[in-house]
Structures are given as structure tokens and as C-alpha cells.
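See below for the structure under consideration.
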Amino acid sequence: MNNFLFVSAENDAIPDCKAGGMGDVVRDVPRNIAEKGDKVHVITPSYSRLHRNGGTLRTKLNFELRGIIYTAELYEVIPKKEFANIHHYVIHHPEIEAGDIAHIYHNDPKEPFFNDALKFIIFCASVAEAIKKGAFGKLDVVHLHDWHTSLLLFLRAYHPAYSMLKKTRFVYTIHNLAIQGIRPFHNNYSSLQNWFPNIPVDYEKLKDPRYEDCINLMAVGIRLADAVHTVSPSYKDDVLKPSKPPEFIGGEGLEKDLQLADQEDRLFGILNGCNYKNIRVAEKGHIYKNTIRAIFQWLQQESKKYKADFLAHTGEKVIDILEKRPTFLCSSVARLTEQKFYFFKRSPEAFEQILEKLLKINGVFMLLGTGAPEYEELFRGLSYKHKNFIFTNGQSEDLIDSIYLESDLYFMPSLFEPCGISQMLAMRNGNPCYVHHTGGLKDTVEHMHTGFSFDGNSYGEKIKHMLEGMDTAIDVFCNDQEQWSRIQLAAKKMRFTWKKSVDEYYLKLYRL
């Protein structure tokens, strides 16, 4: 039996520990590994809250940071569903605080990554100590996810107390290359030198290619891992080339590091899978009731008080829709970020044109999500202007399930997309997707066969083709139901199974 440790900022196998698709991956991959008869431990930060959900204290962890002894606590926690050979843990320390994004990440506009760097440094040091202490038994593979966990590779390479980590294979998955966790080497509370004042380091191997006085934690993962993994084959091809935004998003300054990893046979593009069993099944016909229910739940939250008027306005619109049901529902569920909605932030008039196209056929656009304040503000403003735009500014599993079940067209205009899980979830329900032809969306949606796509050689072309593609989708829906049904059926038949993906993991990443 092989023994794995997954280290991540998110894990949707436990309650309230998800902000995006990484949480789905860290939930599903261990289940497929366990089905092979191997054992998996999954660990995330507690964010000062998750250990309270029936957690059992397993051990206390003592380690040195900033020249003083820190003590953290390792809790085993109860998952949403029990699976044999899978154990879930969280690390609690008072300085590992909940952020303002999904109660996980901090949004630090003045000094990006400051707060997150602090908590993930403590988290990674805690995990290193737990491995050293044998809390998970003898490990064969440690699988790290995004920059939040790459400091473990720094400790493995440079910290004498954790040199024993070199005996274990470390795999690093890139979920979002654009978010790199860049922090100063010196002269800052979140700097590497402040937290590890006595550890000699090789600055050349750690520095950001653009800011030489900073460590780039995404680059650390790429440079020091035994295997590096992008979450789709097409995204691997993309990141080997330099970015030319907004027409093309590629290696984001790290393309040379990725090219070297590829030359060293350490870089692999393996498509994420989708879960087709043990899934939450929504009841059809409840999407608008679930919207109202979610709005009332959000109105009771302290953090939503400044949005109360907007939520009430949204609820009133939904009541009107309940009385006159739309004939076409276009939807999106996503973090409100530049990656997901850059096109609409830069060209809100294009989104308004889409709403006008939908209005002509009694169509509604429903968007669910939270995220960057400027994007929330943009969509709140558009919602006040357009009666057929329902912006539900929160998170609700019941409502999300209803959106995936009851939408007619699922829209993903991502500027770039390492893989994407939403399009797979929509297709699982037989909903055609309309996507930007980039990254993992290229690997999962085929134009006029399982959905629709748009692209262009310039920003202007992309916007033009986005609007034309929406016309195409609406035309097929309204005037060729036979073809629409074929597209629905083809989408529903697609299978992006985790079994296939994990088999590739074993062969290429884990090499077991």
C-alpha cells in the first residue's frame, strides 16, 4: 500500500473549505487513489475555524520561526462523506486566520499576498514538522497544490531540520499560474529572512525573474519539485510561451522555468477529471426558490449587511421571474476575478449587448459568485440596470447545483483557463457550454458538437466573435431544436473521468 499526503489551501471533502476548483480536485483525487487500495492523508489550514467542526486533536507541533518556537495543533476532522483509507486534517494556529475571500484567502490590494504569506508560512512549517514527527506514517508521495504549499520545497532543500524530506517524492500541481505569491527576501514582516533568519539560501534558485529582491513561491514549486503538473494538456502548451495580454495568457513570466522543467522531463499536462458518482443531485424546478432561500440566508450574515439593499433588489427581480418564467437561461458560476471576467470588466457594453440579445427571447443571465471588490461592484451596477440579469453575490451549494441542472447555456468567457471544472459539471447535466477557446476549455468543449466557443487574434476580434457566437447559440436554440438536442446529448455523453487522470498521475507524476 502506497501512502500519500495532499497539501492544499482548499479541500471540498470537508465543510466550508472551498473557494474554487482546487477544492474539487483535492476532494476527488484522493478518492480515486483510495479506490486503488492506497492510503491518502489530506491537510489544509484550519483558518481558525475548521478544527471546531468536530475536530480531534492528534498532536501538537513545535518548530522554529523568526528565531522563536511556534506551537501549532494538528486536528483530524470529519469529512462530508467517509471513504476508507482517506484521512482529513487541519492545522490550527492563531495566526492562520480566515481571509475575506470564502473565509480562506485575504485580498490585500495595497500589499498583495502579505497576509496569505504569513499564514501559509506557518502552515507549511507545521506540515513539515508533522511529516518529520511521523504523524502520517512513512510517506511515498507528497502532492502539493499551488504556491500556498511550495514553501515545503524550500524547507526540504534548505532547512537542515527537514532534510529527511528529500527521501520522499514531491509533486507540484499548478492550478493558477497567474497567482504566484511573490514576497520580499528582506526588510518586511512577511519576508523570507524575517521568518527564516538563520537558514542559508540560494537566492538565484528562489528569486522572481522580474523582481530580483523577491522570492516567487510559484517558481519555487516549479524549480524544486520532482514533478510539475498543469491541469490540462493545452494549458501546458500555453504556459511554455510568453504571455501577451490580453490576446494571449501563457507562462506569466515563468515560461523559462517551465521550459526547463519540460526539458528535464518533469513537466506534465494531465486533464482534470470530473466526479460522476456520489454527487449531490438537485431537484429540477427549484432554481428560483433556491435563489430566494439563499438571499434570505445571506441577508442574515453580518458580512453581507452592506449588500442588504442589493440583495433585496435581487430578490424582488427573482419574484417577478417566478411569475413569468424565462424561456432561456444563460448562467455562470465563478470567482469574480480578472481571469474569469476580464472581458466584461474592460468591455461592459459587450455584456450589456448579450443581456439585450437574451431579453429579445425572454432570456435571463444568472451569475453566482464572490470575489474582487471591483468585479462585485461592476456586476451589482449592471444588475440594477438590467431586469434580466440576476447577480447572486454569495455562495450556496443548493443554488449552484440548481444552476448546473437547469441552465440552457453555461457561459465561461475566461481570459485564460488552466482546466476549468464548471464546464464539466454543466456538461454532466447535458448543458451546452459557451467558452473562450483557451487552455483546458479547448480540451473539453468542441464548437457546434458539445457546445460553442469563440476566439480571435486581437482583443477586438475576441469581443466581436464573443457576440457573434452568442447569436449562433441563441439561433440554434430558437430555430433548430433538433441540433440543440444533439449538442445537449453529446455534452452529456462526454466523460472526463478521474480514473483516467489518476492512472496518468501514477504513471507520469508519482512513478509508482
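Under the rule for a side chain to side chain contact (heavy atoms under 4.5 Å, CB included), the partners of Asp213 that lie at least two apart in sequence or sit in another chain are Tyr211. Here Asp38 pairs with Met1, Asn2, Phe4, Ile33, Tyr506 under the side chain to side chain contact (heavy atoms under 4.5 Å, CB included) rule; sequence neighbours left out. Residues satisfying the side chain to side chain contact (heavy atoms under 4.5 Å, CB included) criterion with Lys241, sequence neighbours excluded, are Phe248. Listed by chain and number, the residues in a ring pair (Phe, Tyr, Trp, His ring centres under 6.0 Å) with Phe391 are Phe310, Phe379 (sequence neighbours excluded). With sequence neighbours left out, the ring pair (Phe, Tyr, Trp, His ring centres under 6.0 Å) criterion links Phe123 to no other residue. Take His88 and apply the ring pair (Phe, Tyr, Trp, His ring centres under 6.0 Å) test, not counting sequence neighbours, and it matches no residue. A search for ring pair (Phe, Tyr, Trp, His ring centres under 6.0 Å) contacts involving Tyr158 returns Phe154, not counting sequence neighbours. Scanning for side chain to side chain contact (heavy atoms under 4.5 Å, CB included) contacts around His159 gives Leu155, Ala161, Tyr162, Phe196, Ile199, with sequence neighbours left out.
Between the side chain of Asn272 and the backbone N or O of Val25, no donor-acceptor pair lies under 3.5 Å. The backbone N or O of Lys500 sits less than 3.5 Å from a side-chain atom of Thr497, completing a donor-acceptor pair. Here the side chain of Arg27 pairs no donor or acceptor atom with the backbone of Asn11 at under 3.5 angstrom. Within the 3.5 Å criterion, the main-chain N or O of Ile249 finds no donor-acceptor partner in the side chain of Glu252. Within the 3.5 Å criterion, the main-chain N or O of Phe344 finds no donor-acceptor partner in the side chain of Ser347. Judged by distance alone, with hydrogens and angles left aside, the side-chain atoms of Asp108 form no donor-acceptor pair with the main-chain N or O of Lys110 at under 3.5 Å. Arg266 places a side-chain N or O within donor-acceptor distance of the main-chain N or O of Ile222, the cut-off being under 3.5 Å. A donor-acceptor distance shorter than 3.5 angstrom exists from the side chain of Thr392 to the backbone of Leu367, with no hydrogens or angles considered. Remark: the backbone N or O of Leu271 is paired with a side-chain donor or acceptor of Ser501 at under 3.5 angstrom. Although no hydrogens or angles enter the test, the distance criterion places a donor-acceptor pair under 3.5 Å between the side chain of Arg495 and the main chain of Lys492.
At a threshold of 4.5 Å between non-hydrogen side-chain atoms, the residues Asn431 and Leu425 do not count as touching. Looking only at side-chain heavy atoms (C-beta outward), Leu254 and Gln180 come within less than 4.5 Å of each other. Between Leu267 and Thr230, some side-chain heavy-atom pair lies under the 4.5 Å cut-off. Thr438 places none of its side-chain heavy atoms less than 4.5 Å from the side chain of Tyr235. With contacts defined as side-chain heavy-atom distances shorter than 4.5 Å, the pair Val239/Glu255 does not qualify.
The closest side-chain donor-acceptor pair between Asn188 and Ser190 falls under 3.5 angstrom. His41 and Tyr89 are linked by a side-chain donor-acceptor pair at a separation below 3.5 angstrom, with hydrogens and angles left out of the test. For the residue pair Ser8/His148, the side-chain donor-acceptor check at 3.5 Å is not satisfied. In the model, Tyr105 has a side-chain atom that pairs as donor or acceptor with a side-chain atom of Glu10 under 3.5 Å. Side-chain atoms of His106 and Lys119 include a donor-acceptor pair closer than 3.5 Å. In this structure, a donor-acceptor pair under 3.5 Å is present between the side chains of Thr444 and Gln423.
A salt bridge (charged side-chain N to carboxylate O under 4.0 Å, His left out) with Arg511 is found for exactly one of Asp265, Asp140, Asp226, namely Asp265. Between Ile91 and the choices Leu61, Thr44, Val7, the side-chain contact (heavy atoms from CB on, under 4.5 Å) rule is met once, by Leu61.
In terms of heavy-atom proximity, Val141 sits nearest to Thr168 at N-CG2, 4.0 Å. Taking each heavy atom of Ser234 and Gly439 in turn, the nearest pair found is CB-O, 3.3 Å. Between Val228 and Gly221, the closest heavy-atom pair is CG2-O, 4.2 Å. Scanning all heavy atoms of the two residues, the minimum distance from Arg210 to Ile182 falls at NH2-CD1, 4.0 Å. Closest of all the heavy-atom pairs between Arg31 and Phe83 is NE-CE1, 3.2 Å.
Seen from the ring of Tyr404, Arg428 does not count as a face-on cation partner, given the 6.0 Å and 45° thresholds.
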Donor-acceptor contacts under 3.5 Å from residues 15-22 side chains, at least two apart:
residue: Lys18; atom: NZ; partner: Asp24; partner atom: OD1; Å: 3.1
residue: Lys18; atom: NZ; partner: Asp24; partner atom: OD2; Å: 3.0

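Around the CD atom of Glu377, the shell of radius 6.0 Å holds no more than 12 heavy atoms that belong to other residues, nucleotides or ligands. Counting non-hydrogen atoms of neighbouring residues, nucleotides and ligands closer than 6.0 angstrom, the NE2 atom of His103 reaches no more than 12 such neighbours.
Salt-bridge check for Asp503 with Lys36: passed, with a basic side-chain N closer than 4.0 Å to an acidic carboxylate O. For the pair Lys462 and Asp455, the salt-bridge criterion is met [side-chain N within less than 4.0 Å of a carboxylate O]. Salt-bridge formation is detected for the pair Asp12/Lys80: a Lys NZ or Arg NE/NH1/NH2 atom is positioned less than 4.0 Å from an Asp or Glu carboxylate oxygen. Using a 4.0 Å cut-off between charged side-chain N and carboxylate O, Glu376 and Lys345 make no salt bridge. Glu468 has a carboxylate O that lies under 4.0 Å from a charged side-chain N of Lys464, or vice versa, which qualifies the two as a salt bridge.
Note on residues 432-447: pairs passing salt bridge (charged side-chain N to carboxylate O under 4.0 Å, His left out), not counting sequence neighbours, are Asp238-Lys442. Every pair passing ring pair (Phe, Tyr, Trp, His ring centres under 6.0 Å) that includes a residue from residues 212-231 is listed here, sequence neighbours excluded: His229-Tyr505. Applying the salt bridge (charged side-chain N to carboxylate O under 4.0 Å, His left out) rule to pairs touching residues 416-427 yields Lys340-Glu417, sequence neighbours excluded.
Proximity of the aromatic rings of Trp498 and Tyr276 is defined here by a centroid distance below 6.0 angstrom, and this criterion is not met. Annotation: Phe6 is in aromatic contact with His145 [ring centroid separation under 6.0 Å]. Taking the six-membered ring wherever Trp is involved, the centroid distance between the rings of His449 and His447 does not fall below 6.0 Å. Taking the six-membered ring where the residue is Trp, the centroids of Phe136 and His87 are separated by 6.0 Å or more.
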**Request:** Would you sort out whether Asp202 and Lys207 count as a salt bridge (Lys or Arg N to Asp or Glu O under 4.0 Å), showing the intermediate values?
**Result:** CA-CA 9 Å; Asp202 182 342; Lys207 72 180 182 182; over 6 Å; no
**Message:** As a quick check of understanding, evaluate side chain to side chain contact (heavy atoms under 4.5 Å, CB included) for Tyr410 and Ser422, giving each step before the final call.
**Reply:** CA-CA 9 Å; Tyr410 190 84; Ser422 292; 3.1 Å; yes
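Aromatic ring orientation, Tyr434 versus Phe411: parallel (interplanar angle below 30°, classes split at 30° and 60°).
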